[in-house]
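Reminder, nothing fancy here: chain letters follow the sequence lines and each chain counts from 1. Keep in mind that the numbers below use all heavy atoms, side chains included, and drop hydrogens, waters and symmetry copies. All values reported here derive from a predicted model rather than from experimental measurement.
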Amino acid sequence: MQKVRVRFAPSPTGHLHIGGARTAIYNWAFARHNGGTFVLRIDDTDPERSTQENVEAILRGLRWLGLDWDEGPEAGGEYGPYFQTQRSDTYAAALETIRAAGRAYPCFCSPAELALKRDSARDARGLSGYDRTCRCLDADSAASRVEAGEPHVWRFAVPDDLNEVSFEDAIRGNVTFPASSLDDLVLVRSDGTPTYNFASVVDDALMDITHVIRGDDHLSNTPKQILLFETLRHPVPTFAHLPMIWGADGKRLSKRHGATSVEAYRDSGYLPEAVLNYLALLGWSLDAETTLIDSRTLVETFSFDRVSSNPAIFDTDKLEWLNGVYIRALDVDEFVDRMKPWILGAGLASAEELRGLDDWLRKLAPLVSERAKRMDEIVPIISFLFSQDIAIAPDAAAKALSFPDAAATLTAARDALQTPPGFRDSEIEAALRDLPAALEQKPKTVFQAVRVAVTGTTVSLPLFESLELLGRDRTVARISAALTFLEARARVDAAEGRT
RNA sequence: GGCCCGUUCGUCUAGCGGUUAGGACACCGCCCUCUCAAGGCGGAGAUCACGGGUUCGAAUCCCGUACGGGCUACCA
């Protein structure tokens with residue numbers, strides 16, 4: 001078997017999309033699995049919507065996922081250039097080849113005429129596509145009209161003696177299209193630029209692509225492309241059409257479904273390993289059981305016969321769960337490294353302030369990683385540790401600081417916290433453990449009161465560890481502040497005649 | 001309209017002629033417990049879209065229907 005060469009050919013009309021990312025992952029995995037070459041090609045034939053910014057975002061997105069390409073932008077390669085806009089000579093030459101084979105002709109029909117023909121032909125007899133008017137034009141007169149500069153496109157002439165085009169899709173098996181359903185597609189637009197179907201085939205041929213792995217939406221383009229490969233006298237690559245990814249409502253994935261770009265997931269606290277894992281499993285499976293898979297294993301085990309042929313709905317819940325699994329699997333130092341940008345980004349601390357806090361962050365890490373499904377969630381969880389004072393949430397006060405002996409309880413807790421010499425979580429726990437019995441309160445009542453006094457909320461990191469991380473001074477100060485708060489509230493209540 | 005593809009718990013999937021149709025997420029309950037998580041245990045949830053065949057036997061093979069999607073562009 002010849003050396004595998006596959007390509008991912010995004011159009012830089014937007015950022016790296018979830019669906020595109022999965023296509024890239026499968027291409028990459030297939031190439032690596034077979035010791036082949038992964039080519040990145042930028043299909044920027046749409047000058048209106050293509051931007052350099054999008055190209056960069058796509059490269060960034062791929063790299064973030066851990067995908068590397070052997071040929072393409074910033075990597076070079078013998079088959080370049082890897083931007084279609086830089087390959088116009090190539091398409092011109094290919095058009096000549098097709099003309100020489102007698103399979104291309106100029107078409108002078110205007111867009112308005114075509115639209116008219118389309119509508120009438122389609123509804124009348126179920127015919128599709130172009131009616132081939134210009135194919136029947138006298139060759140000499142057509143040539144002179146072209147010569148005279150009359151606006152025209154170049155069309156491919158589908159052979160008349162063709163019955164059908166069929167191919168063996170690596171995922172779907174045999175697919176057959178009747179030749180009558182194939183129309184004389186446009187190869188070159190009136191402005192001289194190639195259409196997608198043409199440019200894509202020319203590039204795939206010249207780049208010796210052996211396997212075309214792409215979205216299902218291209219399945220119907222395949223027979224036309226096969227005809228072009230054949231006319232160019234180039235071996236037809238193997239096609240593998242991946243099922244689409246849908247939004248939760250079963251519709252095409254769009255902004256309405258929330259984030260669609262890979263970088264948006266990065267920015268909302270997803271780990272690249274988790275996104276890769278989730279996407280890999282959206283349409284492919286290793287076996288009946290495996291849900292955790294890293295890129296190495298993916299490369300080792302990837303094959304088309306385990307790619308599903310039916311579309312999948314993108315399930316954010318499952319991605320989140322998976323992300324949580326990966327967060328918890330991070331070792332302490334790794335978690336600290338990944339936590340820092342979020343602390344900085346949220347303005348909880350400056351880089352300056354963070355310096356020297358590594359030991360402290362390492363102590364914090366396991367408490368947080370166990371509770372966050374996304375990295376952005378760590379910010380609200382740890383913010384109470386980064387301020388001098390906190391505000392007590394009214395509903396938290398109502399729930400945990402409104403029992404009769406609240407003030408006495410907090411005072412007793414504050415006193416008990418003076419004793420532990422090192423203020424370690426075990427010492428803190430020892431100091432507070434006996435309090436409930438002594439005060440004739442339930443443990444939960446006492447601990448929740450302290451929690452709200454110190455963190456401002458009823459839900460927080462484990463109490464004793466939180467106090468240790470806060471330090472004695474701030475802990476005591478916050479309990480005192482809470483006591484002041486209770487006094488003030490009592491005065492207001494009294495003034496308003498409440499009990 | 002025509003052509004093509006698809007259809008197994010709510011979701012992702014396993015299954016490739018004989019299984020009590022398996023796993024995961026989500027959901028519910030219990031345990032653990034200073035809150036929240038995490039974790040452990042258990043539960044509910046799929047007449048395999050529907051109708052015909054083929055076969056001793058069909059989620060698995062064939063045909064049809066329905067529904068969904070794609071293509072039918074001088075978009076990609």
Side-chain angles (χ1 to χ4, degrees), chain A residues 9-11 13 43-46 48-50 107 109-111 114-115 118 121-129 151-155 169 172 175-178 180-183 185-191 193-197 199-200 215-224 241 243-244 246 248 250-252 278 281-292 305-306 308-322 324 328 367-373 381 400 429 432-433 436 442-452 455 457-464 466:
Chain A
S11 164
T13 52
D43 280 13
D44 53 353
T45 50
D46 184 347
E48 302 281 299
R49 299 187 296 149
S50 298
C107 168
C109 300
S110 72
L114 292 171
R118 222 175 11 242
R122 177 182 304 185
D123 295 330
R125 300 212 290 120
L127 257 36
S128 72
H152 64 281
V153 300
W154 286 93
R155 284 184 186 274
D169 189 277
R172 278 149 221 285
V175 184
T176 303
F177 292 80
S180 58
S181 70
L182 273 22
D183 61 328
L185 68 151
V186 173
L187 301 174
V188 177
R189 303 183 187 108
S190 50
D191 67 359
T193 59
T195 58
Y196 162 78
N197 277 304
S200 174
D216 206 4
D217 44 343
H218 291 294
L219 189 62
S220 301
N221 288 324
T222 307
K224 303 173 211 168
H241 287 97
M244 305 300 278
W246 288 342
K251 299 269 173 58
R252 216 184 170 115
Y278 179 71
L281 254 25
L282 205 59
W284 173 85
S285 61
L286 207 189
D287 52 36
E289 320 283 295
T290 309
T291 49
L292 262 35
D305 54 11
R306 295 204 64 87
S308 148
S309 54
N310 47 308
I313 288 172
F314 190 85
D315 181 7
T316 311
D317 280 343
K318 191 157 185 176
L319 206 211
E320 275 211 344
W321 167 78
L322 204 50
R328 274 172 258 132
L367 306 177
V368 184
S369 64
E370 198 170 281
R371 270 158 261 264
K373 287 213 276 266
I381 295 176
E429 174 162 13
L432 294 179
R433 269 296 169 198
K442 281 191 272 188
K444 185 172 169 174
T445 307
V446 174
F447 296 140
Q448 280 297 80
V450 176
R451 184 190 312 283
V452 170
T455 70
T457 58
T458 55
V459 174
S460 81
L461 298 179
L463 186 60
F464 312 124
S466 293

Report task. For A:R172, check salt bridge (charged side-chain N to carboxylate O under 4.0 Å, His left out) against everything at least two apart and list the hits. Result -> A:D216
Query raised in the report: Is B:C25 paired to anything, Watson-Crick or G-U wobble with both distances less than 3.5 Å, and if yes, which nucleotide?
Result: B:G10
Query raised in the report: Is there a donor-acceptor contact under 3.5 Å linking the side chains of A:N197 and A:T195?
Result: no
Would you tabulate the pairs of protein nitrogen or oxygen atoms and nucleotide nitrogen or oxygen atoms of nucleotides 12-15 of chain B closer than 3.5 angstrom?
| from | atom 1 | to | atom 2 | distance (Å) |
| --- | --- | --- | --- | --- |
| B:C12 | OP1 | A:I313 | N | 3.1 |
| B:C12 | O2' | A:L281 | O | 3.4 |
| B:C12 | O2 | A:K318 | NZ | 3.3 |
| B:U13 | OP1 | A:G283 | N | 2.9 |
| B:A14 | OP1 | A:S285 | OG | 3.3 |
| B:A14 | O3' | A:R306 | NH2 | 3.3 |
| B:G15 | OP1 | A:R306 | NH1 | 3.1 |

Requested in this report: Name the residue closer to the 5' end of RNA chain B, choosing between A:M244 and A:R155 according to the nucleotide with the nearest heavy atom.
Outcome: A:M244
**Report entry** Whole-Å gap separating C1' (B:G2) and CG (A:D183)
**Finding:** 12 Å
Report task. Check ring pair (Phe, Tyr, Trp, His ring centres under 6.0 Å) between A:H152 and all other residues, then give those that pass, not counting sequence neighbours. Result -> A:F108, A:W154
Requested in this report: Name the nucleic acid region contacted by A:P111, choosing base, sugar-phosphate or nothing; use a 4.0 angstrom heavy-atom cut-off, strictly under.
Outcome: base
Query raised in the report: Paired with B:U60 by Watson-Crick or G-U wobble geometry, both distances under 3.5 Å: which nucleotide is it?
Result: none
Query - Any side-chain donor near an acceptor of the partner, A:T222 and A:H241, under 3.5 Å - result: yes
Report task. Round to a whole Å and report the spacing from CG of A:D217 to P of B:A73. Result -> 16 Å
Query raised in the report: Looking for any heavy atom pair under 4.0 Å, which part of the strands does A:D317 touch: base, sugar-phosphate only, or nothing?
Result: sugar-phosphate
Report task. List in chain and number order the residues that pass side chain to side chain donor-acceptor pair (under 3.5 Å) with A:T45, two or more places apart in sequence or in another chain; answer none if no residue qualifies. Result -> none
Provide a list of protein-nucleic acid N or O atom pairs under 3.5 angstrom, restricted to nucleotides 35-40 of chain B.
| from | atom 1 | to | atom 2 | distance (Å) |
| --- | --- | --- | --- | --- |
| B:U35 | O4' | A:Q448 | OE1 | 3.2 |
| B:U35 | O2' | A:T458 | O | 3.0 |
| B:U35 | N1 | A:R451 | NH2 | 3.3 |
| B:U35 | O2 | A:S460 | N | 2.7 |
| B:U35 | O2 | A:S460 | O | 2.9 |
| B:U35 | N3 | A:R451 | NH1 | 3.4 |
| B:U35 | N3 | A:S460 | O | 2.7 |
| B:U35 | O4 | A:P462 | N | 3.3 |
| B:C36 | O2 | A:R371 | NH1 | 2.9 |
| B:C36 | N3 | A:R371 | NH1 | 2.4 |
| B:A37 | O2' | A:E370 | O | 2.6 |
| B:A37 | N1 | A:E370 | OE2 | 3.0 |
| B:A37 | N3 | A:E370 | OE2 | 2.9 |
| B:A38 | O3' | A:R328 | NH1 | 3.1 |
| B:G39 | OP1 | A:R328 | NH1 | 3.2 |

Requested in this report: Pick the C1' atom in B:G29 and in B:C34, then give their distance to the nearest Å.
Outcome: 23 Å
**Report entry** Residues, nucleotides or ligands: over 12 heavy atoms within 6.0 Å of A:K373 NZ
**Finding:** no
Query - B:A14 and B:C31, which share atom name C1', separated by this distance in whole Å - result: 31 Å
Report task. For B:G52 and B:U60, measure between their P atoms and round to the nearest Å. Result -> 14 Å
Query - Polar side-chain contact A:S220-B:G70 base: donor and acceptor under 3.5 Å - result: yes
Requested in this report: Indicate, with a heavy-atom threshold strictly under 4.0 Å, whether A:T290 touches base, sugar-phosphate, or nothing.
Outcome: nothing
Report summary line: The Watson-Crick or G-U wobble partner of B:G1, with both key distances under 3.5 Å, is B:U72
Requested in this report: Using atom NE2 of A:H241 as one end and atom C1' of B:A76 as the other, report the distance to the nearest whole Å.
Outcome: 13 Å
Query raised in the report: Looking for any heavy atom pair under 4.0 Å, which part of the strands does A:T291 touch: base, sugar-phosphate only, or nothing?
Result: sugar-phosphate
Which atoms of nucleotides 58-64 of chain B (N or O only) lie under 3.5 Å from a protein N or O atom, and what are those distances?
none

**Report entry** Contact check, side chains of A:R371 and A:P462, non-hydrogen atoms, under 4.5 Å
**Finding:** yes
Query - Nearest-neighbour nucleotide for the A:E289 side chain, B:C71, B:C25, B:G22 considered - result: B:G22
Query raised in the report: Who is the Watson-Crick or G-U wobble partner of B:U54, with both distances under 3.5 Å?
Result: none
Query - Span that lies between the C1' atom of B:G45 and that of B:G51, in whole angstrom - result: 26 Å
Report task. Return the set of residues passing side chain to side chain contact (heavy atoms under 4.5 Å, CB included) with A:S50 (not counting sequence neighbours), or none when no residue passes. Result -> A:P12, A:T13, A:D44, A:D46
Report task. Using a heavy-atom cut-off of under 4.0 Å over every strand shown, decide if A:V186 touches base, sugar-phosphate, or nothing. Result -> sugar-phosphate
**Report entry** For atom CG of A:L114 and atom P of B:U72, their distance in whole Å
**Finding:** 14 Å
Requested in this report: Could you tell me the separation between the NZ atom of A:K442 and the P atom of B:U33, rounded to a whole number of Å?
Outcome: 16 Å
Report summary line: Applying side chain to side chain contact (heavy atoms under 4.5 Å, CB included) to A:S190 and not counting sequence neighbours gives A:V153
Query raised in the report: Given B:A76, is OP1 or OP2 found less than 4.0 Å from the side-chain N or O atoms of A:T45?
Result: yes
Query raised in the report: Atom NE2 of A:H218 and atom P of B:G70: how far apart are they, to the nearest Å?
Result: 13 Å
**Report entry** Under the ring pair (Phe, Tyr, Trp, His ring centres under 6.0 Å) test, residues paired with A:F464 that sit two or more places apart
**Finding:** A:F447
Requested in this report: Using the P atom as the reference point in each nucleotide, state the distance between B:C61 and B:G39 in Å, no decimals.
Outcome: 38 Å
**Report entry** Same-atom distance (C1') from B:U13 to B:A21, integer angstrom
**Finding:** 13 Å
Query raised in the report: Got a sec, which residues hit side chain to side chain contact (heavy atoms under 4.5 Å, CB included) with A:P178, two or more places apart in sequence or on another chain?
Result: A:S180, A:S181
Requested in this report: Name the residue closer to the 5' end of RNA chain B, choosing between A:E429 and A:C107 according to the nucleotide with the nearest heavy atom.
Outcome: A:E429
Report task. Provide the distance between the two P atoms, one in B:U65 and one in B:C27, to the nearest whole Å. Result -> 42 Å
Query - Distance between C1' atoms of B:A58 and B:C63 (Å, rounded) - result: 15 Å
Query raised in the report: Can you name the residues that form a side chain to side chain contact (heavy atoms under 4.5 Å, CB included) with A:D217, not counting sequence neighbours?
Result: A:M244, A:R252
Report summary line: To the nearest angstrom, the CG-P distance between A:L219 and B:C5 comes to 7 Å
Query raised in the report: Which residues satisfy the side chain to side chain donor-acceptor pair (under 3.5 Å) test with A:S308, sequence neighbours excluded?
Result: A:N310
Report summary line: Looking only at heavy atoms, the pair that brings A:L286 and A:R306 closest together is O-NE, 3.0 Å
Query raised in the report: Rounding to a whole Å, what distance do you find between A:N221:CG and B:A73:P?
Result: 11 Å
